[in-house]
Number of protein chains: 2
Amino acid sequence: MPMRVTADDVARAAGVSRAMVSRAFTPGASISVRKREHVHRVAQTLGYRPNLIARGLTGQRTGLIAVVVGEISRPYEAWLLEHLVKALSAHGYQPLLLAVEGANLTEMLDHALAYQVDGAIVAAGSVSREIADRCRASGAPLVLIGRVLDQGGIDAVCCDNREGMRLLAARLAGQGRRRLAWLGGTPDTFSDQERDQALEAALLDHGLTLTARRRGDFSQASGVEEGGWLLDAGLDLDAILCANDAMALGVLDAAAQRGIHVPDALAVTGFDDIPAAALGRCALTTIRNPVNETAQAALRLLNARLQTPGLAAQVVRVDVALIERISA
Amino acid sequence: MPMRVTADDVARAAGVSRAMVSRAFTPGASISVRKREHVHRVAQTLGYRPNLIARGLTGQRTGLIAVVVGEISRPYEAWLLEHLVKALSAHGYQPLLLAVEGANLTEMLDHALAYQVDGAIVAAGSVSREIADRCRASGAPLVLIGRVLDQGGIDAVCCDNREGMRLLAARLAGQGRRRLAWLGGTPDTFSDQERDQALEAALLDHGLTLTARRRGDFSQASGVEEGGWLLDAGLDLDAILCANDAMALGVLDAAAQRGIHVPDALAVTGFDDIPAAALGRCALTTIRNPVNETAQAALRLLNARLQTPGLAAQVVRVDVALIERISA
DNA sequence: GGTCGTTTTGAAAGCGCGTGCAAAAATGCG
DNA sequence: CGCATTTTTGCACGCGCTTTCAAAACGACC
C-alpha cells in the first residue's frame with residue numbers, strides 16, 4: 001500500500017510551509033534562492049514530485065493535449081503521430097492518444113475534454129462545427145491537421161495539395177503520358193477530395209482528362225486490389241496517380257505481378273513521401289508532405305491560441321515538393 | 001473566457017445537493033432511480049460532464065495508463081500501438097503516450113507517474129529493476145511487452161520467440177537449405193537476443209550452423225543495406241533469416257535488385273507477420289506474432305494487478321504460428 | 001536606532017469532486 | 001397509526017496543489 005510523498009511531507013521535513021514547497025517548484029515564484037535549493041534538496045531525498053493532476057485542478061493548465069489520429073498502423077498516420085508526439089513533448093505537453101474508428105469522434109473528444117486537456121490536435125475524422133464549438137466552450141483550442149473546415153474559424157495546418165497535384169500533372173504531361181487513371185482514397189476524406197479536385201484542375205491545364213478513376217481506402221492492400229483492377233481493365237494506361245503513397249506502393253506490386261515495367265510502360269505516383277516510398281526496387285516518385293513542419297506548425301498554432309485566446313483562426317499551408325524517383 | 005459547468009451548477013439547477021450530482025454519475029451509488037434520471041437530464045441540458053481530473057484527485061484511479069513505445073513509425077510498433085489503444089479504450093482507460101528515444105525512459109516514466117497514471121505498459125527500451133520499483137512505489141503496476149526481466153517480479157507478455165525460431169529452422173532445414181545467414185536487429189534488445197539465441201539452438205537440432213551473421217536496426221532500410229552486404233559477400237547463401245519483418249522486406253528488395261530469385265535461389269524469413277508482410281510481389285514467410293492477443297493479455301495482467309495488488313508477477317507467453325507464404 | 005520600501009514567508013481559501021456520517025424520508029409490519 | 005428498518009439525502013471534510021493577502025523579515029538610508 002504505497003503512500004505518495006506529498007508537498008506536506010516535504011514541507012514538514014524541510015521546516016517550511018507547504019506554500020514554500022509549491023513555490024520552490026514554480027518557476028518564477030517569489031522565493032529566495034537559498035530556500036528553493038534547500039526545498040529541492042529535501043524533495044530529492046524524499047523522492048517528491050509535484051502531483052500534476054492536483055496541479056492541473058488548480059491552475060488552468062494540465063499539460064495534456066488530446067491527439068486524435070486515425071488508424072495508427074497506416075504508415076502516414078504513424079509517421080505523423082511520431083512527429084506530433086516529439087513536438088508535443090518538446091513543448092512540455094503530454095499527448096493523450098485517441099484513435100478514432102468510425103463516427104465516435106465526438107464521444108472520444110468529449111471524454112478527452114473531461115480530462116481538462118489544454119487543447120486538441122485532430123488529424124482524423126471529419127470535425128463538425130458542433131464539435132469545434134464544444135471544444136472552444138471547454139476552453140480547449142482545436143487544431144486540425146490535413147483538413148480545413150471551409151466555414152473557417154478553426155486553426156488548421158494542411159499541406160498544399162493543389163500545388164502537389166500540379167507538380168505531378170506537369171511531370172506526367174511532360175513525359176508525354178496521356179492515358180491517366182486516378183486512384184482515390186476513402187470518400188468523405190478531406191485529402192481525397194482536395195487532391196482529386198486539384199488533379200482534375202491541373203490536368204485540364206495540360207489539356208488532359210482522366211481515362212479512369214477508381215477508389216481504394218488508402219491502404220496498400222487496396223492499392224494492390226484496385227491497381228490490379230485498373231491494369232486488367234484493358235484501358236491501356238500510361239500512368240496511375242494515387243491519393244497516397246501506401247496505395248501507390250500497392251499499385252507498384254500489382255504492376256510487378258503482371259510483369260508491367262515501371263516506369264517504362266507505366267508511371268505510378270504517390271503522395272506524402274512516407275519513409276517506405278524511398279525503399280523498394282522501384283522507388284516512388286511522389287509529393288513530399290512535410291510531416292515535421294506540419295507538426296511544428298500545429299504546435300505553434302496551439303501555443304499561440306493558448307496564450308492569446310482571442311486570436312483569429314489561421315490556416316497554415318505547408319509547402320510540398322516533387323520528389324523525383326524512378327516510378328514516374 | 002469559457003467557464004466550465006461544475007457539479008455545483010447542476011446541483012443548483014436540479015434543486016439537489018452537490019453530493020447527489022456526484023452520486024448520479026457514480027455507478028452503484030446510493031441514489032433513487034428517479035433522482036438519478038432527473039440529475040442526468042439536467043446535466044445533459046447544461047452540458048455537464050464530471051471533471052475526470054478532479055475525480056482522479058480524490059479517488060485512487062485516474063483512468064490514465066502510460067503507454068511507452070519506441071519509434072512509432074516502425075510498422076510493428078505502430079501495429080501494436082493500435083491494438084493497445086483499442087484494448088485500453090475498451091477497458092475504459094485512456095492512453096498517455098510516451099515515445100522513448102534513447103535512454104530517457106526513466107525520466108519519461110517519472111513524468112507520467114506525476115500524472116498519477118493507474119499503470120504503465122512498456123513496449124520499448126530496457127526496464128531496469130530500479131524503474132520498476134519506482135513504479136511500484138507510486139502504486140502504478142507495470143506490464144512489459146516483448147521483453148521480460150529475468151530477475152522476475154514484473155508482469156510481462158511476450159511471444160514465444162523460441163518456438164518461432166524452431167518453426168523457421170525446421171522449415172528451412174526441411175527445404176534442404178544449408179548456408180544460412182542471420183540478420184539481427186538492434187543489440188541490447190530483448191527480441192534480438194532471444195531470437196538470436198533461439199535460432200542458434202534450433203539450428204543445432206538440425207545439425208546446422210550459421211554461415212554468416214549481420215546486424216541491422218530493425219528498419220526496412222537496414223534490411224536493404226545489410227541484406228545487400230550479405231548477398232554481395234560471395235557467401236553463396238541459401239537463406240537469410242531476419243529478426244523482424246521490416247528487415248526481411250528490405251532483404252527481399254535487395255535480392256530483387258540483384259535479380260536473385262526468391263524463394264528458388266534464396267529463402268527469406270521474417271518475424272512478426274506485420275500486415276505488409278502479406279503484400280508485395282513476394283509474400284513473406286514469417287512467424288505470426290499475435291499483436292491483438294498480446295495487447296489483450298497485457299490488459300488482463302494490468303487489470304488483475306490493479307484489482308489484487310498482491311498478486312505474484314506473471315509472464316505470459318503468447319503462441320506463435322508459422323505463416324507459410326512464398327519467400328521461404 | 002528609526003523609518004520606509006522590498007523581498008520572503010505562512011495562513012487560508014479555493015480548484016471540482018468523492019464519500020463517511022448522521023439526519024431525514026420512505027417503507028414495511030403488526 | 002406507531003414503531004423499526006431501510007433507503008435516500010445533505011453536510012462537511014479531504015484529495016494535493018496554487019495563489020491571493022497580509023504579516024514578517026530584511027536591507028538601505030537618513
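The chains referred to below are lettered A, B, ... by the order of the sequence lines, with proteins before strands, and numbering in each begins at 1.
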**Request:** Specify whether A:Y115 and A:H111 have parallel, tilted or perpendicular ring planes, treating 30° as the upper limit for parallel and 60° as the lower limit for perpendicular.
**Result:** perpendicular
**Message:** Testing the basics here: between B:A132 and B:V127, what is the closest heavy-atom pair and its distance to 0.1 Å?
**Reply:** N-CG1, 4.4 Å
**Request:** Can you figure out which of D:dG16, D:dG10, C:dG10 approaches the side chain of B:L57 most closely?
**Result:** D:dG16
**Item:** Any N/O donor-acceptor pair, A:R18 side-chain to D:dT18 base, under 3.5 Å
**Value:** yes
**Prompt:** Does any N or O in the side chain of A:E82 come within less than 3.5 Å of the main-chain N or O of B:S73, such that one atom is a donor and the other an acceptor?
**Reply:** yes
**Request:** Looking only at side-chain atoms of B:A54, point me to the closest of D:dT9, D:dC17, C:dG16.
**Result:** C:dG16
**Nucleotide D:dT18, atom P - distance to CG of A:N51 in whole Å** = 9 Å
**Asked** Is there a donor and acceptor pair closer than 3.5 Å between the side chain of B:R61 and the base of C:dG18?
**Response** no
**Request:** Would you kindly give the CE-to-C1' distance between B:M20 and C:dG16, to the nearest whole Å?
**Result:** 17 Å
**Message:** Using whole Å, what does the distance between atom P of nucleotide C:dC21 and atom CZ of B:R23 come to?
**Reply:** 13 Å
**Asked** To the nearest Å, how far apart are A:D8 CG and C:dG10 P?
**Response** 13 Å
**Request:** Could you tell me whether B:T6 contacts a base, only the sugar-phosphate backbone, or nothing, with contacts defined as non-hydrogen atoms closer than 4.0 Å?
**Result:** sugar-phosphate
**Asked** Can you check the B:R12 CZ to C:dC17 P distance for me, whole Å?
**Response** 12 Å
**Complete:** In whole angstroms, the gap separating P of D:dG16 from CG of A:D9 amounts to 9 Å
**Item:** Separation of atom CZ in A:R36 from atom C1' in C:dT7, rounded to whole Å
**Value:** 14 Å
**Request:** Could you check which of C:dC17, D:dC17, D:dT18 has an atom nearest any side-chain atom of A:S22?
**Result:** D:dT18
**Fill in**
The single option from B:L299, B:L301, B:L142, B:V69 that satisfies side chain to side chain contact (heavy atoms under 4.5 Å, CB included) with B:I121 is B:L299
**Message:** Tell me if the centroids of the rings in A:Y48 and A:F25 come within less than 6.0 Å of each other.
**Reply:** yes
**Asked** A:Y48 side chain N/O closer than 4.0 Å to the phosphate oxygens (OP1, OP2) of D:dC17?
**Response** yes
**Request:** Check the distance between D:dT6's C1' and B:I31's CD1 and give it to me in whole angstrom.
**Result:** 17 Å
**Message:** Both A:V16 and B:P50 contact DNA chain C. Taking the nearest nucleotide for each, which residue is further toward the 5' end?
**Reply:** A:V16
**Message:** Which label fits A:W79 and A:Y76: parallel for a plane angle under 30°, tilted from 30 to 60°, or perpendicular past 60°?
**Reply:** perpendicular
**Prompt:** In terms of side-chain heavy atoms of A:T58, which of D:dG10, D:dT8, D:dG16 is nearest?
**Reply:** D:dG16
**Request:** Report the nucleotide, chosen from C:dC17, D:dC17, C:dG10, that has the shortest atom-to-atom distance to any side-chain atom of A:A7.
**Result:** D:dC17
**Asked** Counting only side-chain N and O atoms of A:K35, is one of them less than 4.0 Å from OP1 or OP2 of C:dT8?
**Response** no
**Prompt:** Are any of B:S32's side-chain N or O atoms less than 4.0 Å away from OP1 or OP2 of D:dT9?
**Reply:** yes
**Message:** Looking only at the side chain of B:T26 (C-beta and beyond, no hydrogens), which of the listed nucleotides C:dA11, D:dG10, C:dG18 gets closest?
**Reply:** C:dG18
**Request:** Return the 5'-most residue of the pair B:A19, B:V33 with respect to DNA chain D, ranking by each residue's nearest nucleotide.
**Result:** B:V33
